[in-house]
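Accompanying notes for the structure given below.
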Amino acid sequence: MDNEKLKEINNYSADSIHVLEGLEAVRKRPAMYIGDISEKGLHHLVYEVVDNSIDESMAGFCTHIEVSINQDGSISVQDNGRGIPVDMHEKEHRSALEVVMTVLHAGGKFDKDSYKVSGGLHGVGVSCVNALSTKMITEVYRNGNIYRQEYACGKPVTPVEVIGTTTLNGTKQTFWPDGSIFTTTTFKYDILATRLHELAFLNAGLNISLTDYREIDENNQPKQDKFFSSYGLKEFVEYMDQNRVHLITEPIYLNTEKSGYPVEVAILYNTGYTESIKSFVNNINTIEGGTHVVGFRTALTRTLKKYADENKFLEKAKVEIEGEDFREGLTAVISIKVSEPQFEGQTKTKLGNSEVAGAVQTVVGEALTNYLEEHPKEAKMIVDKVVLAAQARVAARKARESVLRKNPMNGAGLPGKLWDCSSKDPQQCEMFIVEGDSAGGSAKQGRDSKTQAILPIRGKIFNVERVMWHKAFDHEEVNNIIQALGIRFGLNPDDSKQANYDKLRYYKVIIMTDADVDGSHIDTLILTLFFRYMPELIERGHLYLATPPLYLCVKGKNKEYCYDDVQLQRFIDTYGGGQEQNITIQRYKGLGEMNPEQLWETTMNPENRLLKQVSIEDAASADMTFSLLMGEDVGPRREFIERNATYAKNIDA
């Protein structure tokens, strides 16, 4: 052993073990506690504070929650619950309020006498928010007094003091996120509104308001929304399905308790071809599902199949019915309460409590059986829809097999139009989906052939939102995209619609279309394909939109590509004295107008290109938007267009 190694071993002693005091660990590794330090983590701070108020509501002590975005960018959350206790904590020898605000994993939710169930994904609570804020002020309305304490980066800077009297009960938290930790400290109204609206559905009878004091109208009133639901998930599922044509008019609804687990479920069927299930545990959106979703799906399949068999609805179908067929056109919301939830999965949003599956299966099976017996007309429509889905599934399998047979010798089924890259490492490779052969030719000549593949498509692919599942595999351009990516369907015996990404050939999939209305339309059609058929590609962060420049501006020796009108005007002001005359402006109406060198330089070169990553912040909102804009129901789309027409710009540019 060399001397350096021996020295390192000897130096590794008790002094090497650093203990982070108080909330220092949160500031040192914030992503461990709130997920990340980007926009998502920033908004999670608000949810942690709101979760405390929701816990008070679930315990029966809170009816109003007010969330405010203040003019200085801080957030205030006030409720009318019991108020955080302020008396002396026996073990800590300080106020219970200070303990809750400055000690990780301290709070009433760990006492089952105080809260039978509690929300909050990470369970770190308001102390984590305090640690990640440059300043935080807590006001407690309790015992007829107003108690106040102020903190900086999680540490108290004032004692708990009485600053006045009040007839109110509750807690008000105000915090300023730390800009040295977060990549942004600007809260977005729409992101908060989506979550608060969701919470109102999940907690029927609870009033929640969101006010933005940064945005004041002509009447000197701030922007505000109020969220309230009388009927909970019944209204939630109707809200989710509002842009689709309903197969049944009223939701199938249950709200009961089984084996100590409160279970609430709402179900609707529509004439579409997609499945939309949103599930929650203690108000947490379990995006990866879990045992409660397994129980729901099992009950749905068994109950519907039993009903169809007993009424001899399947005899003429001449096709084997599978589980996924019962979920086509299904919209459902599942919400359960679990006193000690066990979360699994990559993002810790998958419920693992095995006993929950049986409880959910039992109550859903009973409720669905009763509904089918009492509504024979609706039951027949649902079963007919199931049979149609099964026939489409079989047709889809035949279509896929037919495509593979047509291309047995073509590069393991790769489409003939694909100009592939030489590298075989998917993490290094990217595929450009390009509009038209002309642009495809320029992209082929200008690309880095080692890592960049080009797939030209002809015109507009069809709208998959309006056709049965298997029809996509009849369309050449759609098939070319699926085959080129190496994504396969039909491998999962439980769900043949589930895409398999094991053979994904490119880690960046880039949609590159003209910067005009037609190009935007093609973008939308391709995005609809990915969202409905390959959503995990988006969730994994593999899908991007290229940003080609709109203009090439030249004045003497000064040349600049401009990507928007603001950049164009800046060039005009800088080099033309604010006048477009003495300046040469070339407007690019299509990618084909660029030569290969220009296309590489502006849009394809990783060193200086602009890529927009496609993400799904809220799947339910995205699902509703795609249904609204791309679906069969014309009325809501016309209303949307009329309402937003005044905001449209550069339509004919």
Side-chain angles (χ1 to χ4, degrees), residues 417-421 429-461 477 481 506 508-527 543-614 647-653:
K417 285 194 168 187
L418 175 69
W419 289 306
D420 206 359
C421 52
C429 297
E430 50 192 38
M431 183 181 83
F432 288 83
I433 301 174
V434 184
E435 171 193 355
D437 291 333
S438 175
S442 292
K444 179 189 175 184
Q445 294 178 56
R447 67 174 175 153
D448 176 356
S449 61
K450 181 181 179 182
T451 59
Q452 295 179 327
I454 309 296
L455 180 66
I457 58 172
R458 281 189 311 223
K460 298 172 183 176
I461 70 170
E477 304 300 330
I481 293 172
Y506 313 96
K508 276 194 174 72
V509 182
I510 304 167
I511 303 170
M512 187 165 69
T513 58
D514 293 344
D516 59 12
V517 173
D518 279 342
S520 297
H521 190 192
I522 293 171
D523 288 346
T524 305
L525 290 168
I526 297 174
L527 286 171
L543 188 61
Y544 297 82
L545 291 171
T547 310
L550 292 176
Y551 310 99
L552 171 59
C553 300
V554 180
K555 174 63 188 269
K557 294 182 179 180
N558 300 298
K559 182 181 84 167
E560 186 177 331
Y561 292 102
C562 298
Y563 291 82
D564 55 36
D565 290 334
V566 174
Q567 196 175 352
L568 170 66
Q569 189 60 50
R570 189 161 57 238
F571 186 92
I572 293 171
D573 292 341
T574 302
Y575 299 106
Q579 302 295 318
E580 286 191 24
Q581 299 83 359
N582 308 336
I583 294 177
T584 302
I585 302 175
Q586 181 181 357
R587 169 70 163 93
Y588 292 119
K589 291 190 175 181
L591 298 174
E593 295 182 10
M594 295 186 195
N595 61 43
E597 292 76 18
Q598 290 175 325
L599 191 56
W600 163 257
E601 182 181 0
T602 62
T603 317
M604 300 180 71
N605 184 354
E607 295 296 322
N608 47 351
R609 69 189 180 189
L610 296 175
L611 289 183
K612 298 175 183 176
Q613 189 174 41
V614 181
Y647 303 109
K649 297 179 181 178
N650 300 326
I651 289 179
D652 299 316

Side-chain donor-acceptor pairs under 3.5 Å in residues 567-574, sequence neighbours left out?
| from | atom 1 | to | atom 2 | distance (Å) |
| --- | --- | --- | --- | --- |
| Q567 | OE1 | Y563 | N | 3.0 |
| Q567 | NE2 | E560 | OE2 | 3.1 |
| Q567 | NE2 | Y561 | O | 3.1 |
| Q569 | NE2 | D573 | OD1 | 2.9 |
| T574 | OG1 | R570 | O | 2.7 |

Practice problem: Name all residues meeting the side-chain hydrogen bond (donor to acceptor under 3.5 Å, both in side chains) criterion together with S442; count only those two or more places apart in sequence or in a different chain, and write none if there are none. | Solution: none

Exercise answer: donor-acceptor pairs, residues 543-551 side-chain atoms, under 3.5 Å, sequence neighbours excluded:
| from | atom 1 | to | atom 2 | distance (Å) |
| --- | --- | --- | --- | --- |
| Y544 | OH | G541 | O | 3.3 |
| Y544 | OH | Q613 | NE2 | 3.3 |
| T547 | OG1 | L610 | O | 3.0 |
| Y551 | OH | D565 | OD1 | 2.6 |

Quiz item: Got a second to check how far L599's CG is from N605's CG, nearest 0.5 Å?
Solution: 11.0 Å

Self-check item: Those residues that, when tested against A453, pass side-chain contact (heavy atoms from CB on, under 4.5 Å) (two or more places apart)
Solution: L418, D420, C421, M431, Y506

Practice problem: Enumerate the residue pairs fulfilling salt bridge (charged side-chain N to carboxylate O under 4.0 Å, His left out) with a member in residues 599-610, sequence neighbours excluded, ordered by first and then second residue. | Solution: E430-R609

Quiz prompt | Interatomic spacing from OG1 in T603 to CE in M594 - rounded to 0.5 Å | solution = 4.5 Å

Quiz item: From T513 OG1 over to D523 CG, what is the distance, rounded to the nearest 0.5 angstrom?
Solution: 3.0 Å

Quiz item: Are the side chain of Q452 and the backbone N or O of M604 linked by a donor-acceptor pair below 3.5 Å?
Solution: yes

Quiz prompt | Interatomic spacing from CG in L591 to CD in E435 - rounded to 0.5 Å | solution = 7.0 Å

Exercise. To the nearest 0.5 angstrom, please state how far the CD1 atom of I457 sits from the CD1 atom of I481.
Key: 5.0 Å

Self-check item: Contacts of N558 that satisfy side-chain hydrogen bond (donor to acceptor under 3.5 Å, both in side chains) - sequence neighbours left out
Solution: none

Exercise. List for me each residue that meets side-chain contact (heavy atoms from CB on, under 4.5 Å) alongside E593, sequence neighbours excluded, and say none if there are none.
Key: Y588, K589

Exercise. May I ask you to test the W419-S449 pair for a side-chain heavy-atom distance under 4.5 Å?
Key: no

Quiz item: Got a second to check how far L455's CG is from I510's CD1, nearest 0.5 Å?
Solution: 13.0 Å

Quiz item: Closest approach of I454 and A443, non-hydrogen atoms and distance?
Solution: CD1-CB, 3.8 Å

Quiz item: For the side chain of Q579 and the backbone of G576, is there at least one donor-acceptor N/O pair under 3.5 Å apart?
Solution: no

Quiz prompt | Qualifying salt bridge (charged side-chain N to carboxylate O under 4.0 Å, His left out) pairs, either residue in residues 439-456, two or more places apart | solution = none

